[in-house]
Every structure is written in structure tokens, then in C-alpha cells.
Protein chains: 2
Amino acid sequence: MPVTPTSPDSDPPIGRTGSYSKGVARRQEILDRALDVFRERGPEGTSLRRVAEEIGVSHGALLHYFRSREQLLLALYEHTETHRSELRDDDGAENEGAVERLIAAASVNVQMPGFVQLYSTLVAGALEEGSGETKGFFTRRFENVRKQTAERFRRQQEEGSVRTDLDADMVAALIVAASDGLQTQWLLEPSIDLEGTLGMLEELFRA
Amino acid sequence: MPVTPTSPDSDPPIGRTGSYSKGVARRQEILDRALDVFRERGPEGTSLRRVAEEIGVSHGALLHYFRSREQLLLALYEHTETHRSELRDDDGAENEGAVERLIAAASVNVQMPGFVQLYSTLVAGALEEGSGETKGFFTRRFENVRKQTAERFRRQQEEGSVRTDLDADMVAALIVAASDGLQTQWLLEPSIDLEGTLGMLEELFRA
DNA sequence: GTCTATACTCGGATAGAC
DNA sequence: GTCTATCCGAGTATAGAC
């Protein structure tokens, strides 16, 4: 279900005026090594304490930089998402259609089921009450992806390649929903034809 | 995202030949009281130990009947789903269209966000490796709902009310995905027009 | 089979040292 | 701000009493 990234989401931490350097660098360092651990053992069964021990940091110290396990997983998700473009040829992505773009993202995801699984876990966490951080993250993310998808669709409407009697914002929500939902079903039943079904949706929009 | 129930999923426990009575009854009794606790406090922050204490059973005993917290939540989900029909007028459900049916289910869900949240949590759990029980449950469930939806769509195709150049099975997966995905988005952004967007999808299928 | 007792690791919160 | 030490309640596994 993870959906195409949109902006780098560069988030220079909140503490303004001054000593960026020290703390952020340390955090980065810890994160980098934590990512290695996840790469080896998978996020699935890897506890915070295990990660901490493996990278030579105390449990408490790790928690000092990542307020919760969810935050660490979120950082893992962000990192993976950012560096995912390497798997994909981004030529002409500018002129892709709305559905086309999501199909491309889904195709990459099919090669990394663990990423889809992580996404699903985090989204479920975001839906839980009082999940401020994660909730905000995915609310923004969905919003961004929807907006970007709607823009693409509107451009296609202007081109005349797509039905003009449809509300682009609703279409965007629908496309994103279909992409996410199909990836969930595909994880449980790999015989689901992810690309084919999204292709059919694309066809339904054609003028 | 929880999708329309399909069969009562009557699951007379596995132990054949003989003493059904005792253990199952006790389990039912415990479950019934656990449901009350969840009703009061919500499943969200209610621990196994809390539930156990509240219903006058030891922590260990509770675990004896429900092998894990996930299993207990799954039982809660099943129960809620089964008794949900009370919220809904089931007149003429037999002749409903494929999308129409899912819209009806979604409309009920909108009135019980906690149920959608629970569904999302359980599905995410099902996607995790080695989650035998929950995984099997939702794999079957998706399969059933897809099959039922495909049947409805095929009937509509025979009626001529819907495009006949579409593969009903793919359409079914798409409808279910859209419904689930939109409910997720709606939980994070209540301004999402759940019924409206699904209605648009319905319109796309029309002959 | 039903259940108690115990122990283990987990995520997280706290207090305080530096 | 960075981190150690400690403590808590959580989910779960196990052994064994009845």
C-alpha cells in the first residue's frame, strides 16, 4: 500500500537557533546503524533492546533519540521510501497519468513485501487514538499523495484523455484507496493481479 | 474497512467426537464478559490482565481460552461483525448490486469508527509473518467477500445494468480494495466522502 | 482439560548523574 | 542535552497442580 513519495519531507528538527550539529548527527549515526540491524534481521521480531545492544547503545539512550519503537519504525519507513527511487526508472515521470504513477509505485512494492507490511503496521498505528506523531505523518502523506494524484488527473482531463465528468479529488482518493487496498489483499493472496486490476481501473477513467 | 459479512462463519471447535459442552461453554461465558469490558473501556488501552481481573478470572485462565490477545480481539471482531446486521435494514439485500452492498456496509461502519480501527489493527497483524491464526482468518474472509461481490457483479452483468467487458473477479477485488482503502483515509481525514466516492465507482461500472 | 504460579522479555516512564 | 539506572505493567511461555 505504500504510495508514491511526493516531497522529500525534509524535516530539519524543530529546535531552531543554534546547535543543530551535535544531537542530530548522533541521531543520524544511531539511525544508520539501526537500519543495518533491521536490514539483517527484519523489523518484524527485532525488539528495541535487541537493536540497542546490537549497535552498542543502551536501551535508554536509543529511546532518547526515538521516543518510541513506532518512531524508529517510522524513520525506517521514511528512509526506505526516500531511497526507493533507485529501484525505479524515473524517466518521464513528469508526464505520467494518475493511475499510471500509482501502478509504477505498486510494481516496486511487489518486489519488497516487507515494505508493504511495514506500511500497513504503521498506518494501523496511526489510526489508534492518541497516536499523535504517526497520525500526523500519515494524514499529511495521504493528503500529499491525493493532491498530487488529483493534479495529474486534472492534467489528463485537460488533455481529454480521461472523462471530464468526474471530480478529480474524489478520483484521487479512489485511486489511492484502490492501490492500498489491493496491496493488502495481494499480501494475503499473492495470486491477486495487482497491476492488472489497477490497469482496469485506469481503463474505466478513459474518455 | 471492515467488509460485509458473508457466512456466519460458524466454527464448531475442532475437537470432534465428544465433550463439546463444557469447555466451549466456559469459553463463551468468558468471552461474553470480556465483550462487556471492551464495551465499557474500549479495546484500545485495555490489557489482558485488566480484562481478566475485571471479569473475575486469572490472567492465566484467560490465556487458556484465548491463546493470545490477538485471538481475543479477533473474537471481539467476529462478534461485532455478526451482530452488526441489527444496525442495518436488510430488506432486499438479496438483489443489491455489488458496489451498493459495500456502500451499505461502509455506511454502517461510519457510525462505528472503533470497529474500523479494530479491523485495521487485526489486518495489519495478519500481514505479519508467522501470524497463522489471524492470517488464515482474513485470507478466508477476503476470499469470501470477493467471491460474493463477484457473484453480485456477474448477476448485474447478466441483467445488462453493468459493463460486460470487465472481469468480475478483478472488479470484486477492486471494489473491496476501494472500500477498505477509503475507510482508512476517512479515519484520518473525516472530510473524505466515503459513500460519494464509492458511488462514483459504481457509476464507472454502469453499462 | 482447567487453571495457578512463575519467570522472561518487551516497550515505556522516571529520576537523576554528567 | 546526553545518557544510565531502575521500575513498571504489558504479552507470553512453561511447568505443574488438580
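Residue numbers start from 1 in every chain, and the chains themselves are labelled A, B, ... in the order their sequence lines are given, proteins ahead of strands.
For D/dC3, the OP1/OP2 oxygens have a side-chain nitrogen or oxygen of A/R26 closer than 4.0 Å. The side chain of A/H64 places an N or O atom within less than 4.0 Å of a non-bridging phosphate oxygen (OP1 or OP2) of D/dT2. Regarding contacts with the backbone of C/dC3, a side-chain N or O of B/Y65 is found under 4.0 angstrom from either OP1 or OP2. Using a 4.0 Å cut-off, some side-chain N or O of A/S47 falls inside it from OP1 or OP2 of C/dC10.
The side chain to side chain contact (heavy atoms under 4.5 Å, CB included) test applied to A/D36 returns A/R39, not counting sequence neighbours.
Within a heavy-atom distance below 4.0 Å of DNA chain D, the residues of residues 53-61 of chain A found are A/S58, A/G60, A/A61. A heavy atom lying under 4.0 Å from DNA chain D marks none of the residues of residues 32-44 of chain B.
Aromatic pair B/F138/B/Y119: centroids less than 6.0 angstrom apart.
Side chains of A/E195 and A/S107: a donor on one and an acceptor on the other come within 3.5 Å. Side chains of B/N109 and B/R84: a donor on one and an acceptor on the other come within 3.5 Å. Side chains of A/E143 and A/T139: a donor-acceptor N/O pair is absent below 3.5 angstrom, by distance only.
Within the nucleic acid shown, A/L48 comes within 4.0 Å of sugar-phosphate atoms alone, with no base atom in reach, counting heavy atoms only.
The interatomic distance linking B/R49 (CZ) with C/dC8 (P) rounds to 14 Å, in whole Å. Note: CD (B/E70) to P (D/dT12) measures 8 Å, nearest angstrom. Atom CZ in A/R50 sits about 15 Å away from atom C1' in C/dC8, given to the nearest Å. To the nearest angstrom, P of C/dT2 lies 12 Å from CZ of B/F66. Atom-to-atom, CG of B/L62 to C1' of D/dT12 comes out at 12 Å; the value is rounded to the nearest Å. Distance B/L63 CG to C/dG1 P: 16 Å, rounded to the nearest Å. When the C1' atom of D/dA10 is taken as reference, atom CG of B/L73 falls 14 Å away, rounded to whole Å.
Paired with B/V51 under the rule side-chain contact (heavy atoms from CB on, under 4.5 Å), one option of B/I30, B/L35, B/T46, B/V57 passes, and it is B/T46.
One cannot find a donor-acceptor pair under 3.5 Å joining the base of C/dG12 and the side-chain atoms of A/R69.
Taking a cutoff of 4.0 Å between a charged side-chain nitrogen and a carboxylate oxygen, A/K147 and A/E151 do not qualify as a salt bridge.
Listed for the B/R152 side chain is a donor-acceptor partner under 3.5 Å among the backbone atoms of B/E96. A side-chain donor-acceptor contact under 3.5 Å links A/E100 to the backbone of A/G97.
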